[in-house]
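Below is one structure, written out as structure tokens, with a few remarks after it.
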Amino acid sequence: MLDIRWMRENRTALAEAMRKLNDADAPWEQALDLDEQRRSLLTRVETLRAERNTGSKEIGRLFQEKRADEANALKARMAEIGDEINALDVELRSVEERFLAAMLRIPNPPEDDVPVAPDESGNVVVKESGQKPRFDFDPLPHWDLGERLGIIDLERGARLSGSRFYVLKGGAAQLQRALANWFLDVHVEEHGFQEVYPPFMVREECMVGTGNLPKFGDVLYRDAEEDYWFIPTAEVPVTNLHRDEIIEAGALPLYYVAHTPCFRREKVSAGKDVRGIKRVHQFEKVEMVKFVEPQHGRDELESLTRSAEVLVERLGLPWRRVAIATGDLSFVACKKYDIEVWAAGSQEWLEVSSCSWFRDFQARRANIRYRKEDGSIEHVHTLNGSGLALPRIVIAILENYQQADGSIVVPEVLRPYMGGRTRID
RNA sequence: GGAGGGAUGGCCGAGUGGACGAAGGCGGUUGUCUUGAAAACAACUGUGGCAGUGAUGUCACCGGGGGUUCGAAUCCCUCUCCCUCCGCCA
């Protein structure tokens with residue numbers, strides 16, 4: 001959510017930002033309009049309230065002084081004012097409701113250094129590292145490898161739960177578990193994150209806080225009877241950890257890391273990415289979340305992204321960093337990098353991490369503030385990034401480390417996490 | 001799932017319709033005293049909206065929402081959460 005005062009005073013900048021985001025539906029003009037109505041109603045209703053407050057006190061005094069006639073006369077007048085207040089209140093509530101609804105659907109304006117383009121075609125590869133593997137045989141995609149080795153069972157996954165579900169077995173399951181543990185250890189021991197284990201189902205207000213609702217409810221699973229929403233990423237519960245809090249300045253920055261399942265309906269593009277485990281309804285992810293002071297937001301995005309990149313580097317996977325263009329930026333981010341790894345079998349770059357800076361956009365929605373040294377209170381900045389998404393790293397390892405005999409070599413950093421195992425076969 | 005009891009400011013805790021944004025205590029900040037600290041004493045010490053350049057004024061907030069009333073922390077309804085006992089369960 002944006003600061004309405006900023007919006008009032010920066011109409012042109014706001015319009016320009018919405019144009020860059022290529023979001024024609026953002027109801028920012030309605031919001032400004034409703035804001036004006038809201039303030040005018042507020043002034044009127046509050047003047048009447050002030051009048052009633054003094055009148056009511058007067059009534060109390062008159063009764064104490066046994067001047068019942070005067071008191072009753074005043075009471076009648078106050079009743080009239082009360083009716084007026086009630087009428088205005090109804091109007092005010094409706095305006096405020098519509099105002100908030102509009103505010104919640106206005107995206108975060110991009111930073112100035114975000115590449116400007118209407119869609120993902122404007123994304124810029126800003127860094128590329130590592131060698132794509134060479135093979136003296138035709139490398140297979142992971143769905144073939146997984147089937148041959150008996151470690152990815154798509155058929156039974158579908159039998160249990162339908163399309164876009166899968167079962168990992170043996171080496172693949174172990175590999176995924178090893179990855180999660182190693183990721184967590186690196187973030188905790190080397191990058192200063194605190195590990196947390198959050199709920200996987202949250203209330204609606206948490207989804208609003210991170211910006212998943214109201215606009216993107218169609219990709220979320222939810223309990224039909226109760227107010228439980230299944231998290232599409234650990235970002236949701238972890239960011240909401242400090243909802244409605246004022247954090248003491250000395251406590252910042254706060255770095256959290258969590259390993260959770262992620263549930264996504266993935267309703268879009270029925271025919272796309274159907275093979276294998278690249279795009280599925282349930283997957284594991286290690287997610288980093290940061291709460292920082294505003295002046296450090298920009299630098300924190302760089303260090304956050306590095307914290308993810310070192311993982312793919314140490315796994316020996318070819319990777320690149322992509323700066324996301326304005327038209328491809330998510331609703332909540334003001335700047336975002338994706339990290340992609342090369343998958344030699346399916347011959348494509350896989351997005352394994354998204355690192356985003358939100359400025360105070362989420363903090364306003366979730367009401368997360370901090371008390372500065374001078375005692376004043378401000379919203380924090382939040383950031384998050386995958387570190388990393390698991391099935392896709394599993395894909396990349398299977399495809400890049402495959403051998404002529406069909407076996408998979410386990411990357412060296414993971415061997416201690418797999419009981420010294422060097423091969424999956 | 002059943003029965004009962006709760007939710008008040010950073011913390012503890014008083015307050016059952018009228019001067020209550022809320023006693024008192026703790027904590028915190030500042031000042032006096034002191035070489036310094038402690039103690040003592042004094043003052044200050046919640047968040048947000050709106051109007052105003054500002055001093056300031058005003059409104060709202062006593063778990064959330066709604067209602068009764070001239071007036072609600074206080075009465076009514078409802079939701080959420082916490083505690084105790086029973087049941088069930090890993």
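Order of the sequence lines sets the chain letters (A, B, ...), proteins ahead of strands, with each chain counted from 1.
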Toward the 5' end of RNA chain B, by each residue's nearest nucleotide, A:Asn86 or A:Ile246
A:Ile246
In whole Å, I'd like the distance from the [atom1] atom of [X] to the [atom2] atom of [N].
X        : N     : atom1 : atom2 : result
A:Glu248 : B:G46 : CD    : C1'   : 12 Å
A:Asp244 : B:U80 : CG    : C1'   : 14 Å
A:Glu378 : B:U47 : CD    : P     : 14 Å
A:Ile59  : B:G71 : CD1   : C1'   : 7 Å
A:Glu80  : B:U69 : CD    : P     : 15 Å
A:Asn72  : B:G71 : CG    : P     : 14 Å
A:Arg371 : B:U45 : CZ    : P     : 14 Å
A:Glu204 : B:U80 : CD    : P     : 14 Å

Using the [atom1] atom as the reference point in each nucleotide, state the distance between [N] and [M] in Å, no decimals.
N     : M     : atom1 : value
B:U30 : B:A14 : C1'   : 28 Å
B:U68 : B:G49 : P     : 29 Å
B:C20 : B:C86 : P     : 46 Å
B:U45 : B:G21 : P     : 15 Å
B:G2  : B:C88 : P     : 15 Å
B:C77 : B:C83 : P     : 25 Å
B:G63 : B:A73 : C1'   : 12 Å
B:A39 : B:G31 : C1'   : 16 Å

Counter-base of [N], judged by Watson-Crick or G-U geometry with both distances under 3.5 Å:
N     : value
B:A14 : none
B:G63 : B:C79
B:C41 : B:G31
B:U56 : B:A51
B:A3  : B:U84

Counting only side-chain nitrogens and oxygens, does A:Arg93 get under 4.0 Å of the OP1 or OP2 atom of B:G65?
no
Short side-chain N/O contact to B:U47 OP1/OP2 from A:Arg369, under 4.0 Å:
no
Using a 4.0 Å heavy-atom cut-off, does [X] contact any base of the nucleic acid, only the sugar-phosphate backbone, or nothing at all?
X        : value
A:Arg77  : nothing
A:Arg44  : nothing
A:Gln64  : base
A:Ile377 : sugar-phosphate

Taking only Lys NZ, Arg NE, NH1 and NH2, and the carboxylate oxygens of Asp or Glu, determine whether A:Glu16 and A:Arg11 approach each other closer than 4.0 Å.
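Salt bridge absent between A:Glu16 and A:Arg11.
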Basic-acidic side-chain contact under 4.0 Å: A:Glu120, A:Lys336:
no
Under 6.0 Å between ring centres, would you say that holds for [X] and [Y]?
X        : Y        : result
A:Phe216 : A:Phe331 : yes
A:Tyr255 : A:His191 : no
A:Phe165 : A:His281 : yes

Crowded around A:Asp223 CG? As in, over 12 foreign heavy atoms under 6.0 Å?
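Yes, enclosed.
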In Å and rounded to the nearest 0.5 Å, what is the CD1 to CZ distance from A:Ile59 to A:Arg67?
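Going from the CD1 atom of A:Ile59 to the CZ atom of A:Arg67 covers 13.0 Å.
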Where protein sits on nucleotides 49-60 of chain B, one letter per nucleotide: B base, S sugar-phosphate only, - none, heavy atoms under 4.0 Å
BSS------SBS
Can you list everything that forms a ring pair (Phe, Tyr, Trp, His ring centres under 6.0 Å) with A:Phe230? Sequence neighbours excluded, please.
A:Phe263
Once salt bridge (Lys or Arg N to Asp or Glu O under 4.0 Å) is applied, do any residues pair with A:Arg105, and if so which ones, sequence neighbours excluded?
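A:Arg105 satisfies salt bridge (Lys or Arg N to Asp or Glu O under 4.0 Å) with no residue once adjacent residues are dropped.
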Quick check for you: among B:C81, B:C70, B:A19, whose closest atom lies nearest to any side-chain atom of A:Arg203?
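Of B:C81, B:C70, B:A19, B:C81 is nearest to the side chain of A:Arg203.
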